[in-house]
Amino acid sequence: MKKLCRTYLFLTALLTIAGCAREADFLLPEPEPVRRYPISWNIVPENTRALVNNNLLQTSCTPLANGSNETVGVWGDYSVNTNGQNTTYKEFIATPLTFSPETYNWNYPGEARYWESQAVYDFRACYPQKLMTSLMTQMDATMMQGGPINTLTLQEDLLVAATQVDTRTARLSEPVKLHMQHIFAAVMFKVRAVDGFVPAVGEVVTSCWLQNKNNATNLFSPSGYLVHSGNAAPDIIWYPYESSVAPMYVWKHQGVSFNYENTLYTANDGLQGEEYTRNDGWLLFVPQTVKEGTLQFCYTLKNAGAQVFSVNIPAITYEDGHKYTYMLEIRGSEVTVNLKIAPWNHIDSSHDITL
């Protein structure tokens with residue numbers, strides 16, 4: 001009897017073990033935890049260029065031995081809903097991103113940050129970080145607000161980005177895409193003689209500037225307040241701040257010939273201009289609407305002495321991230337203004353316009 005009992009117990013144990021083994025064969029693997037993935041970055045498009053130094057962002061943000069490299073600043077918050085109550089946590093606060101050519105990664109200091117499950121992240125980014133930090137009156141993961149930003153004294157290309165990531169639906173193994181966008185409008189003035197008109201010997205443009213007409217309303221403003229708000233679909237909004245009828249963006253030079261197509265706002269052959277002789281000839285504006293009969297482009301000629309020639313700028317709305325090339329065509333005493341408009345060119349050199 002004891003032998004039978006022992007045999008029964010032994011068989012039961014074998015069946016139990018076999019059953020467990022078969023169960024284990026059909027167990028589904030548990031899902032990987034969200035915190036397995038570190039937060040990483042991808043600046044899009046990868047070959048975005050800044051206008052002023054005309055470098056790839058990767059080149060500008062690659063660490064240098066003397067510490068003179070630029071950085072992309074990042075702000076990031078995440079919100080978690082617990083029992084119907086949203087709680088927000090700060091993850092990145094003015095965190096600098098630098099680029100590693102060896103690994104082709106964008107890096108931030110300190111330990112890796114990992115995604116939180118069931119969370120919604122808001123991100124803001126800016127370039128160059130050092131300059132934006134000094135210009136912004138408010139900067140966090142949901143809003144950038146600055147001003148007044150005066151382009152009479154600031155001629156730097158500023159880039160911003162904003163995005164939102166929901167960890168419940170996003171592919172967290174992929175880097176966060178930061179679509180950097182320009183917040184200014186870029187304007188260039190060129191001059192040339194056409195239709196067989198031959199300028200007098202030695203005739204050159206010696207100075208030029210913009211000005212609001214004395215009797216104009218809704219004047220063009222060189223400064224403004226910037227608000228970059230919204231989360232998943234951010235908007236850049238400019239509020240023009242202050243205007244006057246005084247000359248703006250004054251440029252003086254020993255002379256630029258207009259018997260060929262020449263850019264006025266640039267230094268040629270090492271000659272020194274008074275202002276705005278950099279940026280490859282581009283002038284950065286606060287985006288805004290200009291009404292007909294408000295803004296004038298003025299210039300002087302060497303042979304005409306102090307006489308000022310003025311050309312009315314047609315009505316236009318300058319938009320952020322767009323470039324405007326004015327061609328002043330001289331036909332004797334007449335001047336015709338032609339305009340080309342194009343989105344900022346991210347692939348080729350930023351001073352090449354393709355329509």
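These values consider heavy atoms only, across backbone and side chains, with no hydrogens, waters or symmetry-generated copies.
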For this session: Please determine which of Tyr324, Tyr249, Trp238 meets the ring pair (Phe, Tyr, Trp, His ring centres under 6.0 Å) test together with Phe285.
Result: Tyr249

Exercise. Counting distance only, does the side-chain N/O of Thr294 pair as donor-acceptor with the main-chain N or O of Val290 below 3.5 Å?
Worked result: no

Exercise. In terms of ring plane angle, is the pair Trp251 and His253 parallel, tilted or perpendicular, where the classes change at 30° and 60°?
Worked result: parallel

For this session: Using modelled atom types only, decide if a donor and an acceptor are shared between the side chain of Thr151 and the backbone of Ser223 within a distance under 3.5 Å.
Result: no

Exercise. Quick one: OG1 on Thr325 to CE on Met188, what's the gap to the nearest 0.5 Å?
Worked result: 6.0 Å

Exercise. Just by distance, do the side chain of Glu91 and the backbone of Gly76 share a donor-acceptor pair under 3.5 Å?
Worked result: no

Exercise. Is Asn83 atom CG crowded by more than 12 heavy atoms from other residues, nucleotides or ligands, each under 6.0 Å away?
Worked result: no

For this session: Kindly compute the distance separating SG (Cys126) from CE (Met132), expressed to the nearest 0.5 Å.
Result: 4.5 Å

Seminar exercise, completed: Correct closest heavy-atom pair for Val74 and Phe92 would be O-CB, 3.8 Å

For this session: Identify the residue among Trp41, Trp106, Tyr127 that makes a ring pair (Phe, Tyr, Trp, His ring centres under 6.0 Å) with Phe99.
Result: Trp106

For this session: Decide whether Ser100 and Thr103 meet the rule of one side-chain donor and one side-chain acceptor closer than 3.5 Å.
Result: yes

For this session: Give a yes or no answer on whether the side chain of Gln181 reaches the backbone of Ala161 with a donor-acceptor pair at less than 3.5 Å.
Result: no

Exercise. Looking only at side chains, do Asp320 and His182 share a donor and an acceptor under 3.5 Å apart?
Worked result: no

Problem set entry | Heavy-atom pair of closest approach, residues Met139 and Trp75 | SD-CH2, 2.7 Å

Problem set entry | Spacing of OG1 belonging to Thr206 relative to CG belonging to Leu264, to within rounding of 0.5 Å | 10.5 Å

Problem set entry | Ion pair check, Glu203 and Lys302, cut-off under 4.0 Å | no

Problem set entry | Test side-chain contact (heavy atoms from CB on, under 4.5 Å) applied to Val205 and Leu301, step by step | CA-CA 5 Å; Val205 179; Leu301 302 174; 3.9 Å; yes

Exercise. Is any side-chain heavy atom of Met143 closer than 4.5 Å to a side-chain heavy atom of Asp140?
Worked result: yes

Exercise. Going from CD on Glu329 to CG on Asn338, what distance comes out if it is rounded to the nearest 0.5 angstrom?
Worked result: 4.5 Å

Exercise. Quick one: CG on Asp122 to OG on Ser79, what's the gap to the nearest 0.5 Å?
Worked result: 6.5 Å

Problem set entry | NZ or CZ of Arg36 within 45° of Tyr114 ring axis and under 6.0 Å | no

Exercise. Hey, what's the ring geometry for Phe189 with Tyr326, parallel, tilted or perpendicular (30° and 60° as the breaks)?
Worked result: parallel

Exercise. Using 30° and 60° as the class limits, which term best fits the ring planes of Tyr299 and Phe297: parallel, tilted or perpendicular?
Worked result: tilted

For this session: Would you check if the side chain of Asn105 reaches a backbone N or O of Asn107 as a donor-acceptor pair within less than 3.5 Å?
Result: no

Exercise. CD of Gln145 to CG of Leu135: how many Å apart, nearest 0.5 Å?
Worked result: 13.0 Å

